[in-house]
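Down below is the structure, laid out as structure tokens.
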Amino acid sequence: KADPKASSVDIATIQMLAKAQRDNVETIFDRAVSMKPCNIGEQGTCCKICSQGPCRLPLPKKGIEGKDTRKGLCGATPETIAARNFARMVAAGAAAHSDHGRGVAEVFLTAARKGTHDYGIKDEQKLLEIAPDFEVPTTVIVDGPNGEKIEQMRDIYDIAEEVGVKALGQWGQQDGEIYNAKRAPKARYELWRKLDVVPRGIDREIVEIMHRTHMGVDQDYHNIVKQCTRAAIGDGWGGSMIATDLQDIMFGTPYPTQGEINLGVLKQDHVNIIVHGHEPLLSEMIVVASQLPDMVDYAKSKGAHGIVLAGMCCTANEILCRHGLPIAGNYLQQELAIVTGAVDAMVVDVQCIMENIANVADCYHTKIITTNPRAMIESGHTTHIEFDEHNALEDAKKIVKTAIDNFPNRHGEAMIPSAKEKMVVGFSYEAINYHLGGTFRGSYWPLNDNIINGRIRGIGGVVGCNNARSMHDSAHLTVVKELLKNDVIVLTTGCNAMACGKAGLLSPESAKVFCGPGLAEVCETVGIPPVLHMGSCVDNSRILMAATQVVKAGGLGKDISDLPAAGSAPEWMSEKAISIGHYFVVSGVYTVFGVGLPVTGAPRFQKHLFEELEGIYGGMWDMIVDPYEHAQAMIRHIDKKRAALGLDK
Ligand code: NFS
Ligand code: SF4
């Protein structure tokens, strides 16, 4: 069994893990102790893409002496094998984000055509801002009463429809370039064109990875990485960015708001519903349904005082940043939320949902409700209520009602940890513009100015998952605190954002506790936290846009690769993280991963990712397990970029 105190730095997690063990409920923490990973897979050199294998090519214990003669049956080198495995992770990650984006685009188009009552256009301003990127005009010229020409706004729903059609077209586009590539700084876009890596269409690049990594196709790791680049740009600047933009238009662009986080947000005498997964299409409707007076009355008729709706994983970030609704916890807390005995329903859609929640739920009264036709759980105890956006609110009401009906079935008193923390969240790149600018129009110039004068040393993007192979939240917090101490402002998303929230780093007051003097001064003057929560993992596209705004504001070079900035995923685990890492790298960012990367068994491929890519893209991969060293490497890179810009350390 796992030692609770050695498993997490988060008190609520430690308490609930101990309770799970008392209740004889096995969790991922216990299995991480009893099951060790395969060391060949860990090195990235196990090939199972044809049935002559799996061919396993571990690094020799004494290292490679002389020529590396390892080969699979077909002759595949460790480089080819590791590169193919890596590429398939990029493909899966890009597919996950982009399929999410496709779903959003489909609903957006339905809404634009007024084919649903439940979704509409909330942020017209943002629609008008992005329309030109899709070459959609926002005005028309009409004849005035005296024959003169007058420019008139087009109907907002007409604009939306055209944007929707063009956005959705980005998935199936066969050639040309995806529209958003041009949003990157000019130098970056031109570099991509020169290297011939601008994605032709989002789906096409993902499919091509699957083809190239089939047995006996692409056997040059440089060329495989090039295709990874196309698919990853198609994710970050394509599928993910479209998801973020259209979600903002339909549900509102996040602006700073307060929220609360950790298992302590659950309430003993309330119906507790957790929405877990990734797509706000569902959770937005559950937000509406759970606040309807007849639903609240129904909950009261069952003996509850009200309804708590809390999020988990990136769905949580979506509803938190837009509505200030509480977060129950990050990825590694999903089983433990159920262990409280207070969760009446856990509603899931797609991604990062552990199959074991069904087993844990069996031991308590919690109903697991799957909602997406892509994602079911084979278990006698999960309920599937399919969510159809044409009937969204009705479906959401059915889900909320199922949770309420389950409230009387609790097994006695629940045990809810008291831990919860307040935080300020919702820093879309538009909001950063406004806040740091502090003027009516806002701009990124004040941020740049503070970087130039050295109060802020640089920018760190720290994102990504939890991983049961490393102590929960520990590496996240060490990396972030080390950056803050060295005056590096941190942009965050995903499960890192939640780790920071639980540790109090998302409050403006934390600036004077954790930051170096320069960063503390800036945060206190502006009244922002030193760690800016920008949303879910698809919202890493906001970080790309923020970086682009910083470049455009001037004074810090011409490209993202010139900025004193670095990226990090200290506790990554999902394939999505690999796609994100790669689009950051090829956008010009030095990107460090913790835990381990399955490339170490293929030294030449590793060198390509860790060193040679810098010469091509100005950004490169790195892997450093020790979180303190990890942060130091980021700071060294930031200093290198400062020096190149002629700025003091
Ligand atoms: Ni991102 Fe979000 Fe968390 Fe990792 Fe999973 S929730 S999309 S993949 S685990 S950060
Ligand atoms: Fe082995 Fe080659 Fe088949 Fe991979 S493709 S399993 S290395 S024979």
Side-chain angles (χ1 to χ4, degrees), residues 28 40 44-57 70-85 88-89 92-101 212-219 235-236 239-240 243-244 275-280 283 311-318 320 327-334 348-354 461-468 470 472-473 476 492-501 533-541 543 568-581 593-595 601-602:
I28 187 171
I40 306 165
T45 48
C46 171
C47 183
K48 55 178 177 58
I49 66 168
C50 92
S51 82
Q52 302 170 96
C55 296
R56 306 185 308 156
L57 274 55
R70 294 175 293 158
K71 281 188 203 70
L73 249 60
C74 65
T77 62
E79 274 57 43
T80 300
I81 292 173
R84 283 196 296 227
N85 290 338
R88 286 189 168 205
M89 287 196 282
H97 286 142
S98 297
D99 212 32
H100 166 167
R212 287 191 193 211
T213 57
H214 179 277
M215 194 274 155
V217 186
D218 202 347
Q219 293 161 144
D235 173 359
S240 284
T244 298
V275 279
H276 170 24
H278 283 79
E279 300 187 349
S283 52
M312 193 131 232
C313 285
C314 280
T315 280
N317 288 326
E318 301 275 3
L320 166 77
I327 296 190
N330 53 4
Y331 167 75
L332 276 181
Q333 291 177 285
Q334 55 187 285
V348 303
D349 55 14
V350 291
Q351 302 167 22
C352 303
I353 294 142
M354 284 193 227
V462 192
V463 306
C465 324
N466 291 139
N467 186 313
S470 66
H472 173 230
D473 287 350
H476 279 311
T492 180
T493 61
C495 288
N496 175 277
M498 301 184 221
C500 291
H533 186 338
M534 299 189 78
S536 67
C537 287
V538 293
D539 296 332
N540 281 316
S541 62
I543 300 185
S568 154
E571 300 179 25
W572 80 281
M573 64 89 197
S574 88
E575 292 167 311
K576 290 178 286 176
I578 295 292
S579 181
I580 294 168
F593 271 41
V595 189

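Numbering starts at 1 and runs along the sequence shown. Whatever order the structure lists them in is the order used to number ligands and atoms, beginning at 1.
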Interatomic distance, CG@N467 vs CZ@F593, rounded to 0.5 Å, equals 11.5 Å
* To do: Give a yes/no verdict on whether any heavy atom in G464 is under 4.0 Å from an atom of ligand 1.
  => yes
Closest to atom 1 (Ni) of ligand 1 among protein heavy atoms sits C537 SG, 2.1 Å
Atom 5 (Fe) of ligand 1 has as its nearest protein heavy atom C352 SG, 2.3 Å
| Is the shortest heavy-atom distance from the side chain of H278 to the side chain of S536 under 4.5 Å? | no
On a heavy-atom basis, the closest approach of C50 and M215 is CB-CG, 3.7 Å
To the nearest 0.5 Å, atom CD1 of I580 lies from atom OG of S574 at 6.5 Å
- Query: Do T493 and D539 have side-chain N/O donor and acceptor atoms under 3.5 Å apart?
  - Reply: no
heavy-atom search around atom 1 (Fe) of ligand 2 in the protein gives C55 SG, 2.3 Å
Under 4.0 Å from one or more heavy atoms of G53, ligand 2 contributes atoms 6 (S)
Note: ligand 2 atoms sitting under 4.0 Å from heavy atoms of R84 are 4 (Fe), 5 (S)
Taken to the nearest 0.5 Å, the spacing of D349 CG from C313 SG works out to 10.5 Å
Check: of G494, C465, S240, min heavy-atom distance to atom 4 (Fe) of ligand 1 comes from C465
S574 heavy atoms within 4.0 Å reach ligand 1 at atoms 8 (S)
NE2 (H276) and CD (Q351) are apart, to the nearest 0.5 Å, by 11.0 Å
min-distance protein heavy atom vs atom 2 (Fe) of ligand 2 -> C74 SG, 2.3 Å
One finds that the ligand 1 atoms under 4.0 Å from a non-hydrogen atom of C313 are 6 (S)
Item checked: Minimum side-chain heavy-atom gap K576-H100 below 4.5 Å -> no
In ligand 2, the atoms that come under 4.0 Å of a heavy atom of M215 are 5 (S)
Rounding to 0.5 Å, atoms SG (C314) and CG (L320) come to a distance of 11.5 Å
One should read off an interatomic distance between N466 CG and H476 NE2, to the nearest 0.5 angstrom, of 5.0 Å
Among N, O or S atoms, H278 approaches atom 2 (Fe) of ligand 1 most closely through NE2
Checking heavy atoms under 4.0 Å, the part of M573 that sits near ligand 1 is side chain
Determine, using heavy atoms of R56 and all atoms of ligand 2, whether some pair is separated by less than 4.0 Å. no
Counting from 1 in the order shown, the ligand 1 atoms closer than 4.0 Å to a non-hydrogen atom of Y331 are 9 (S)
Within 4.0 Å of some non-hydrogen atom of K576, the atoms of ligand 1 are 7 (S), 8 (S)
- Query: Among side-chain atoms of T315 and S283, is any donor-acceptor pair under 3.5 angstrom?
  - Reply: no
So the atoms of ligand 1 within less than 4.0 Å of a heavy atom of C495 turn out to be 3 (Fe), 6 (S), 9 (S), 10 (S)
- prompt: For atom 1 (Fe) of ligand 2, does an N/O/S atom of C50 lie at less than 2.8 Å?
  reply: no
If the cut-off is 2.8 Å, does any N/O/S atom of C314 fall short of it from atom 2 (Fe) of ligand 1?
yes
- Item | Side-chain heavy atoms of D473 within contact of L332, under 4.5 Å | no
Closest to atom 6 (S) of ligand 2 among protein heavy atoms sits C47 O, 3.4 Å
